[in-house]
Enquirer: 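I have a structure here, written as structure tokens, and I will follow up with some questions on it.
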Number of protein chains: 2
Amino acid sequence: MGRHREFDMEKVLDAVLCVFWQKGYEGTSYADLTAAAGVERPALYSAFGNKEAMFRKALDRYHEKYLRYLPEALALPTAREVAEHLLRGAIDLNTRYPTHRGCLMIQGVLAGSDDSEPVRQFLVEARAAGEREVRQRFERAKDEGDLPETARADALAAFLMAVMHGMAVQAKAGFSRETLEGVAEQALLAWPVAKGTKAAMTS
Amino acid sequence: MGRHREFDMEKVLDAVLCVFWQKGYEGTSYADLTAAAGVERPALYSAFGNKEAMFRKALDRYHEKYLRYLPEALALPTAREVAEHLLRGAIDLNTRYPTHRGCLMIQGVLAGSDDSEPVRQFLVEARAAGEREVRQRFERAKDEGDLPETARADALAAFLMAVMHGMAVQAKAGFSRETLEGVAEQALLAWPVAKGTKAAMTS
DNA sequence: GGCTTTTAATAATGGTCGTTATGAAAATAT
DNA sequence: ATATTTTCATAACGACCATTATTAAAAGCC
């Protein structure tokens, strides 16, 4: 019983996500959110709770809709392909939309106000979880003989993520896709290759 | 004639810089600034102008006091040493102070509110200027035969800066100095070396 | 010591922040 | 058709934002 919701919940969440993406958590106001969503404040509160809860919902959607390339990458057969797919995916995501360049998560990790500290902490942990997955994937690659025994999975994962984060910053600073592709290329030049693999043969 | 200033201008600027470093431009309030500087609001206004002008002064000091490693690096004899010094300097700066990790500039580049857009734009340009200097240094290295003719100075500079920016993000996320050293090491593994140089002999 | 000039601290400005009462409109249930 | 329930928009809430009058204190000049 009762009245029905008049707005499309998914459309609103997408609009909210875009605003957070563009302006960051602490840079986004309810004025921005209502303008983008075409829905008044109380509707946002009844739909999501407060600003922090809304951001977390937006973050979930960000993972589902835009960070798919991460599990995709992890499922590839070799560590080298994992790394390539991660870099390519990051470039694509960071430069695809002219209105909101860069990465929603990285932007939030660098937030500074006291109010946004809980959100920042959450993002720090989420980022660490992603890196952990990559590291574990590279450890598996060592077990499978796909990375050399001498390779350090933790350092490779940290390095790869550093390049991805750096590209997010550069994308926000206006870098072109082509420039970022040059960055990714250089990053992969020293990728370790185990003896006896196809990759080692062609080098 | 008239009363003398009672506070030490340099000490206040240092305190202001630390707050901006910790909380970013848009995350810092005058309450934070007065608490850290031990000086009331009007004194800050008479000394610096408004918040934006104060941030720019803090940025100048940041360059003088903490970004010295950049011109230092550029003055080194080989491109390889330039890159090493840049990475080492970034690691040091980003992890030295537990209360304000990361990089003041990178934090500002990712600011999102409408108010901070002028500051963000300024930082984007300052960042680009730094990268330009590195690129030109690498072009000189090609002329001097220190980098191979096939090397792309722009891609190398962009790559190096990407790693530095990524390390700033990771430092803000709590990474240890040792982890970042692993990142830098991996970044340098594929550094191009011209034939006939000492570096090429030892490899 | 009086007069002027500069700095200092208190406190108020208008504006915007995130959040929430309040009451009208719409839809189901009886 | 009436009562009940839920959503909607208007408008208000206190808190904090950057900025600035206002007034008291301190230091140089005569």
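We name chains A, B, ... by the order of the sequence lines, and we start the count at 1 in each one.
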Enquirer: Tell me whether the side-chain N or O atoms of A:Arg3 pair up with the base of D:dT6 as donor and acceptor below 3.5 Å, since no angle test is needed here.
Expert: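 Counting by modelled atom types and ignoring angles, no donor-acceptor contact under 3.5 Å is found here.
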Enquirer: Between atom CG in B:Asp114 and atom C1' in C:dT16, what is the gap in whole Å?
Expert: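 B:Asp114 atom CG is separated from C:dT16 atom C1' by 12 Å.
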Enquirer: For D:dA18, does OP1 or OP2 lie under 4.0 Å from any side-chain N or O of B:Asn50?
Expert: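 No.
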Enquirer: Round to a whole Å and report the spacing from CZ of A:Phe20 to C1' of C:dG18.
Expert: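 In whole Å, C:dG18 C1' lies 12 Å from A:Phe20 CZ.
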Enquirer: Is the backbone N or O of B:Ile91 less than 3.5 Å from a side-chain atom of B:Asn94, with the two atoms forming a donor-acceptor pair by type?
Expert: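 It does not hold such a pair.
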Enquirer: Looking at C:dG18, D:dC8, D:dA21, which one has an atom nearest to any side-chain atom of A:Arg5?
Expert: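 Within the option list, the nearest is D:dC8.
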Enquirer: C:dC17, OP1 or OP2 - any side-chain N/O from A:Ser29 closer than 4.0 Å?
Expert: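 So the side chain of A:Ser29 is within the cut-off, an N or O lying under 4.0 Å from OP1 or OP2 of C:dC17.
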Enquirer: Record whether the side chain of A:Arg41 comes under 3.5 Å of the base of C:dT20 through a donor-acceptor pair of N or O atoms.
Expert: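 Answer is no: no donor-acceptor pair is held.
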Enquirer: Over how many whole Å does the gap from A:Asp32 atom CG to C:dG18 atom C1' extend?
Expert: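 After rounding, the gap between these two atoms is 13 Å.
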Enquirer: Looking at every strand, decide which applies to A:Asp115 at a 4.0 Å heavy-atom threshold: base, sugar-phosphate, or nothing.
Expert: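 A:Asp115: no heavy atom of the nucleic acid under 4.0 Å.
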Enquirer: Choose from D:dG28, C:dA8, D:dA21 the nucleotide whose nearest atom is closest to any side-chain atom of B:His4.
Expert: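 Selected nucleotide: D:dG28.
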Enquirer: Considering only D:dA18, C:dG18, C:dA9, which nucleotide approaches the side chain of B:Tyr45 most closely?
Expert: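 Output: D:dA18.
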Enquirer: Quickly work out the A:Glu26 CD to C:dG18 P distance and round it to whole Å.
Expert: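 The distance from CD of A:Glu26 to P of C:dG18 comes to 11 Å, rounded to the nearest Å.
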Enquirer: For the ring pair B:Phe55 and B:Trp21, is the centre-to-centre distance below 6.0 Å?
Expert: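 No: the rings miss the under 6.0 Å criterion.
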Enquirer: Whole angstrom is fine here: how far is it from OH in A:Tyr25 over to P in C:dC17?
Expert: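 For the pair A:Tyr25 OH and C:dC17 P, the rounded distance is 14 Å.
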Enquirer: Return the 5'-most residue of the pair B:Glu40, A:Gly49 with respect to DNA chain C, ranking by each residue's nearest nucleotide.
Expert: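 Comparing both residues, the 5'-ward one is B:Glu40.
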Enquirer: What about A:Tyr30 and A:Tyr45, are their ring centers closer than 6.0 Å?
Expert: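 For A:Tyr30 and A:Tyr45, the ring centres are under 6.0 Å apart.
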Enquirer: Is the closest basic N to carboxylate O distance between B:Arg140 and B:Glu144 below 4.0 Å?
Expert: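 A salt bridge links B:Arg140 with B:Glu144.
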Enquirer: Rounded to whole Å, how long is the line connecting atom CZ of B:Phe7 with atom P of C:dT6?
Expert: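 Nearest whole value for this atom pair: 16 Å.
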Enquirer: Tell me: CE of A:Met54 to P of C:dC17, nearest whole Å?
Expert: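 Rounding to the nearest Å, CE of A:Met54 and P of C:dC17 are 13 Å apart.
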Enquirer: Measure from NZ or CZ of A:Arg56 to the centre of the six-membered ring of A:Phe122, then state whether that distance is under 6.0 Å and the direction lies within 45° of the axis.
Expert: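 Here A:Arg56 passes the 6.0 Å and 45° test against A:Phe122.
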Enquirer: Kindly say if A:Tyr30 contacts the phosphate of C:dC17, meaning a side-chain N or O under 4.0 Å from OP1 or OP2.
Expert: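 Indeed not, no polar side-chain atom of A:Tyr30 lies that close.
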Enquirer: Taking atom P of C:dG18 as reference, at what distance in whole Å does atom CZ of A:Phe48 sit?
Expert: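 Distance, rounded to whole Å: 15 Å.
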Enquirer: From the set C:dA9, C:dG18, D:dA9, return the single nucleotide nearest to any side-chain atom of A:Lys51.
Expert: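 From the listed options, C:dG18 comes nearest.
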Enquirer: Categorize B:Ser113 for me: base, sugar-phosphate, or nothing, with a 4.0 angstrom heavy-atom threshold over every strand shown.
Expert: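 The answer is nothing, as B:Ser113 stays clear of every strand by at least 4.0 Å.
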